[in-house]
Every structure is written in structure tokens, then in C-alpha cells.
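First comes the structure, then the notes that go with it.
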Amino acid sequence: MFPTLHSLVVAAAALLQYFSVLILVLAVIGATARFAFQGARSHDWRDAFDQYRANLGRGILLGLELLVAADIIATVTEPLSFDRVGPLAAIVLIRTFLSFALETEIQGRWPWRRADADPGEAKR
């Protein structure tokens with residue numbers, strides 16, 4: 001028998017969750033490797049650390065955004081009730097706050113102040 005639309009959406013949400021975890025793991029590994037290489041090459045460990053935090057934050061931000069998307073997709077497949085939507089709303093709220101905080105930390109300014117950045121820096 002053919003899989004139902006419901007089972008396909010559930011599988012897509014689970015796949016997106018696994019993919020977001022993979023992104024998080026690869027972000028940690030990639031940022032750490034880049035930190036070690038940049039620090040060893042330039043001997044400027046302070047700058048390497050600042051870049052490490054920014055790269056790590058970007059990876060975490062991407063992973064969090066994908067996890068929120070997966071949660072929303074998974075919620076669509078369930079009957080809507082406060083018992084199901086309430087915890088999801090709390091999770092999305094927490095992850096959105098974390099994303100906002102990470103974005104502010106990475107950019108060094110409020111997200112709505114991006115136009116104040118140097119033209120070359122705003123594109124990074």
C-alpha cells in the first residue's frame with residue numbers, strides 16, 4: 001500500500017530533525033577545526049577565538065532554525081489541541097529567543113540595526 005500523506009509528513013519532519021542535528025555536529029567540528037588551524041597559523045589566538053565563536057554561533061543558529069521548522073511540520077500532522085500546541089509554542093519561543101540572542105552576539109548589534117554596519121561587514 002502507498003504511504004499516506006500523514007506518514008510522509010511525519011517522516012519529513014523526522015528527517016529535518018536529524019539533518020538539523022547533523023548541521024549542529026558539523027558546525028562544532030568545522031568551527032573547532034578552523035579555530036585550531038587559524039590560531040596555529042597566525043598565532044593570533046584572540047582573533048581566532050572571536051571567529052570561532054561567530055562560526056559556532058552561525059552553525060547553532062542554522063540548526064535551531066531547522067529544528068523550529070521540523071517542530072512546526074510535525075505539529076501540522078497532529079490534531080490541534082493546547083496539549084500539543086502549548087509545548088510547541090514554548091519550544092518555538094525559547095528557540096526564537098536563542099536565535100535572536102545568537103544573532104545579536106554574532107553581529108554585535110541589534111538585528112534591526114544592520115544598516116548601521118560597514119558595507120563589507122553587513123554581507124558576512
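These figures come from a predicted structure and were not determined experimentally.
With rounding to the nearest 0.5 angstrom, the CD1 atom of Ile91 is 11.0 Å from the CD1 atom of Ile72. Here the CG atom belonging to Leu56 is positioned 12.5 Å from the CD atom belonging to Gln51, to the nearest 0.5 angstrom. If you take CG on Asn55 and CD1 on Ile60, they are separated by 11.0 Å, rounding to the nearest 0.5 Å. Atom CD1 of residue Ile94 and atom CG of residue Leu98 lie 7.5 Å apart, to the nearest 0.5 angstrom.
Leu67 and Ile73 fall into different hydrophobic clusters, defined by Ile, Leu, Val, Met, Phe, Trp and Tyr side-chain heavy atoms under 4.5 Å apart, directly or through other members.
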N/O donor-acceptor pairs under 3.5 Å from side chains in residues 16-37, not counting sequence neighbours:
unit_1, atom_1, unit_2, atom_2, d
Ser20, OG, Leu16, O, 3.3
Ser20, OG, Gln17, O, 2.7
Thr32, OG1, Val28, O, 2.7
Thr32, OG1, Tyr52, OH, 3.0

